[in-house]
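Right, one structure below, let's go through it.
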Amino acid sequence: MKALVIGGTGDIGKAVVKELQKKKAEVIVVGHSSGDIKLDITQSESIREMYKAAGSIDAVICAPGSRIPIKPVAQMTKQDYIIGMQAKLLGQIDVVLTGIEYLNDNGSFTLTSGVLNEEFIPGGSCIAMVNSALEGFVESASLELPRGLRMNIVSPKLLESSEEKYQSLLVGFETVPDSLVAINYLKSVYGIINAKIVKMR
Ligand SMILES: NC(=O)c1ccc[n+]([C@@H]2O[C@H](COP(=O)([O-])OP(=O)(O)OC[C@H]3O[C@@H](n4cnc5c(N)ncnc54)[C@H](OP(=O)(O)O)[C@@H]3O)[C@@H](O)[C@H]2O)c1
C-alpha cells in the first residue's frame, strides 16, 4: 500500500500517518509548508505537481487545514462563503478530479468533513455548508469513478490533540483519541466500502 496523506503534518494527518505506518504502508506526507511534498491545495497546478512527484499511488487521504470564516450569518458576505469553499471544499474536490488520472486501479480517495453540519455552532453556517457539500459530492461522485476506484469521507469528532486549538469554538464537544479518528480513515483505505460518510457516532 502506497498512500499520500494530504495535510499529513496536521493533527488528523499525523494520526493517520502513524496508523498507516503501523500497517507497514509506504506513506508520503504532504503539507503546505513542510512534508515530503509541499502543496497548495487551492492551486490546481500544485495538485498536479504533487501527483507527478508522488508517482504510483494506491490511496489518497485528504485532511487539509482551511480558512473558513466564522461569524453570524447576518454579517457573512458572499465573498466569505467563497473564501470558505476554497481549500476544504474545492481543494479536496480538485484532488479527486486530478487524482482520477493518477491513482492506481482499485485505489481509494478518503476525504474529510466534520460534525459541524449536524452539530451547529454560532457563526458556523459556512463550515456547515462546506461539510454538507463535500459529503454530497462524495456520495454521488464515488458512484461514477472509473477503474475500480473508491471514495469515502470521514466525519471526524474533535481530536484530543486539537481540543486546545478549538476550545473557544467547540464548547461542550466531546473529544476522541487521535488514533480512533485515524482508524476510521483506514476503514476506507483498506476496506471495500464506497460512497460512505464514515461517522464516528
Ligand atoms: N482536528 C479536529 O479535531 C477536526 C475534527 C473534525 C474535522 N476536522 C477537519 O479536518 C481538517 C484538518 O484539520 P486539522 O485539525 O488536522 O488541521 P491542522 O492541524 O491545522 O493541519 C492542517 C494540515 O493541512 C495543511 N495545509 C494547510 N493549508 C494548506 C493548503 N493551502 N494546501 C495544502 N495543505 C494545507 C497543513 O500544512 P502545514 O502544517 O504545512 O501548514 C497541515 O498539514 C480540517 O478541514 C478540519 O475542519 C478537524
Side-chain angles (χ1 to χ4, degrees), residues 3-20 27-51 53-54 60-70 83-96 98-99 109-121 123-135 137-138 152-185 188 197-201:
L4 194 65
V5 182
I6 297 171
T9 58
D11 291 347
I12 291 180
K14 275 191 280 195
V16 172
V17 168
K18 198 168 167 187
E19 292 303 318
L20 284 167
V27 182
I28 300 176
V29 176
V30 180
H32 189 227
S33 54
S34 64
D36 301 321
I37 299 175
K38 289 184 197 158
L39 166 72
D40 182 357
I41 201 167
T42 65
Q43 302 299 318
S44 298
E45 199 44 47
S46 180
I47 293 173
R48 189 167 292 283
E49 289 306 318
M50 170 194 72
Y51 279 117
V60 175
I61 296 96
C62 203
S66 45
R67 200 160 66 86
I68 299 189
I70 299 196
I83 290 168
M85 287 191 294
Q86 287 304 337
K88 187 165 180 176
L89 175 60
L90 298 176
Q92 292 198 84
I93 290 174
D94 208 3
V95 163
V96 175
T98 308
F109 296 100
T110 308
L111 307 190
T112 301
S113 59
V115 298
L116 298 183
N117 59 338
E118 292 186 1
E119 298 181 42
F120 305 118
I121 58 165
S125 65
C126 187
I127 181 93
M129 173 194 73
V130 164
N131 286 345
S132 289
L134 273 166
E135 291 175 359
F137 168 76
V138 168
N152 300 288
I153 186 162
V154 178
S155 175
K157 282 191 165 182
L158 178 60
L159 273 69
E160 281 174 357
S161 66
S162 303
E163 189 176 11
E164 210 177 309
K165 183 166 68 178
Y166 293 120
Q167 64 183 350
S168 57
L169 213 56
L170 304 181
V171 179
F173 282 68
E174 76 172 336
T175 58
V176 289
D178 294 19
S179 59
L180 187 59
V181 173
I183 59 173
N184 277 276
Y185 284 79
S188 169
I197 302 168
V198 180
K199 294 185 180 181
M200 303 180 56
R201 46 203 179 268

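Ligands are counted one by one from 1 in listed order, and the atoms in each one are counted from 1 as well. All values below were derived from every heavy atom in this structure, side-chain atoms included, with hydrogens, water molecules and symmetry-related copies excluded. None of the values given here were measured: they were computed from a predicted structure.
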Q) Hey, is ligand 1 close enough to Gly65 that some N/O pair sits below 3.5 Å? A) yes
Q | N or O contact, Ser33 vs ligand 1, cut-off under 3.5 Å | A | yes
Q: Please verify whether a non-hydrogen atom of Arg67 lies at under 4.0 Å from ligand 1.
A: no
Q: Determine the minimum heavy-atom distance between Gly84 and Cys126, stating which atoms define it.
A: CA-SG, 3.8 Å
Q. Atoms of ligand 1 less than 4.0 Å from Lys165 heavy atoms?
A. 14 (P), 15 (O), 17 (O), 18 (P), 19 (O), 20 (O)
Q.
Quick test: of every protein heavy atom, which one is nearest to atom 6 (C) of ligand 1, and how far off is it to 0.1 Å?
A. Pro156 O, 3.3 Å
Q: Using a strict cut-off of 4.0 Å, indicate which atoms of ligand 1 neighbour a heavy atom of Lys88.
A: 9 (C), 45 (O), 46 (C), 47 (O)
Q. Relative to ligand 1, is Ser66 under 4.0 angstrom through side chain, backbone, both or neither, heavy atoms considered?
A. side chain
Q: Return yes or no for this condition: an N or O of Ile12 is under 3.5 Å from an N or O of ligand 1.
A: yes
Q) Among protein heavy atoms, which lies nearest atom 31 (N) of ligand 1, and at what distance? A) Asp40 OD1, 3.2 Å
Q) Do Gln92 and Ile6 have side chains that get closer than 4.5 Å, going by heavy atoms? A) no
Q) For atom 21 (O) of ligand 1, what is the nearest protein heavy atom, given as residue, atom name and distance? A) Gly10 CA, 3.1 Å
**Q.** For atom 33 (C) of ligand 1, the protein heavy atom that lies nearest, with its residue and separation
**A.** Leu39 O, 3.1 Å
Q. Nearest non-hydrogen atom to atom 29 (C) of ligand 1 belongs to which of Gln92, Gln86, His32, Met50?
A. His32
Q. Hey, are the side chains of Met50 and Leu4 touching, using non-hydrogen atoms and a 4.5 Å cut-off?
A. yes
Q. So, do Pro156 and Asn184 sit near enough that their side-chain heavy atoms are less than 4.5 Å apart?
A. no
(Q) I need the minimum non-hydrogen distance between Gly91 and Ile47, along with the two atoms involved. (A) O-CD1, 4.0 Å
Q: Taking only heavy atoms of Tyr166 into account, list the atoms of ligand 1 that are under 4.0 Å away from them.
A: 1 (N), 2 (C), 15 (O)
Q: Report, in ascending order of atom number, the atoms of ligand 1 lying under 4.0 Å from any heavy atom of Ser34.
A: 40 (O)
Q: Evaluate the side-chain proximity of Glu49 to Gln43: yes if any heavy-atom separation is below 4.5 Å, no if none is.
A: no
Q. Nearest to atom 44 (C) of ligand 1 by heavy atom, Ser162, Ala63, Pro64: which?
A. Pro64
Q. Can you name the closest pair of heavy atoms from Ile61 and Ala3 and give their distance?
A. CD1-CB, 4.0 Å
Q) Which of the atoms of ligand 1 are close to Leu158, meaning less than 4.0 Å from one of its heavy atoms? A) 3 (O)
Q: Would you mind telling me if ligand 1 is within reach of the side chain of Lys157, the backbone, both or neither, using heavy atoms under 4.0 Å?
A: backbone
(Q) Is it the case that ligand 1 has an N or O less than 3.5 angstrom from some N or O of Thr112? (A) no
Q. Taking C-beta and beyond as the side chain, do Val95 and Tyr51 meet within less than 4.5 Å on heavy atoms?
A. yes
Q.
Quick one, Glu19 and Tyr185 - any side-chain contact, counting heavy atoms below 4.5 Å?
A. no
(Q) Once you restrict to heavy atoms under 4.0 Å, what part of Ser113 touches ligand 1? Side chain, backbone, both or neither. (A) backbone
Q. Between Asp11 and Lys165, is there a salt bridge with N-O shorter than 4.0 Å?
A. yes
Q) Can Ser46 and Asp40 be counted as having a side-chain donor-acceptor contact under 3.5 angstrom? A) no
Q. Any idea which protein heavy atom is nearest atom 32 (N) of ligand 1, and the distance to it?
A. Ile41 N, 2.8 Å
Q: Consider every N or O of Ile6 and every N or O of ligand 1, then say whether any pair is closer than 3.5 Å.
A: no
Q. Can you find an N or O of Leu159 that's nearer than 3.5 Å to an N or O of ligand 1?
A. yes
Q) Any N or O on Gly114 sitting closer than 3.5 Å to an N or O of ligand 1? A) no
Q | Closest heavy-atom pair and its distance - Phe109, Gly99 | A | CZ-C, 3.6 Å
Q | Validation row: Ile41, His32 side chains within 4.5 angstrom (heavy atoms) | A | no
(Q) Do Leu116 and Leu170 make a side-chain contact, defined as non-hydrogen atoms from C-beta onward lying under 4.5 Å apart? (A) yes
Q: Look at atom 38 (P) of ligand 1 and find which of Val115, Ile68, Thr9 reaches it with the closest heavy atom.
A: Thr9
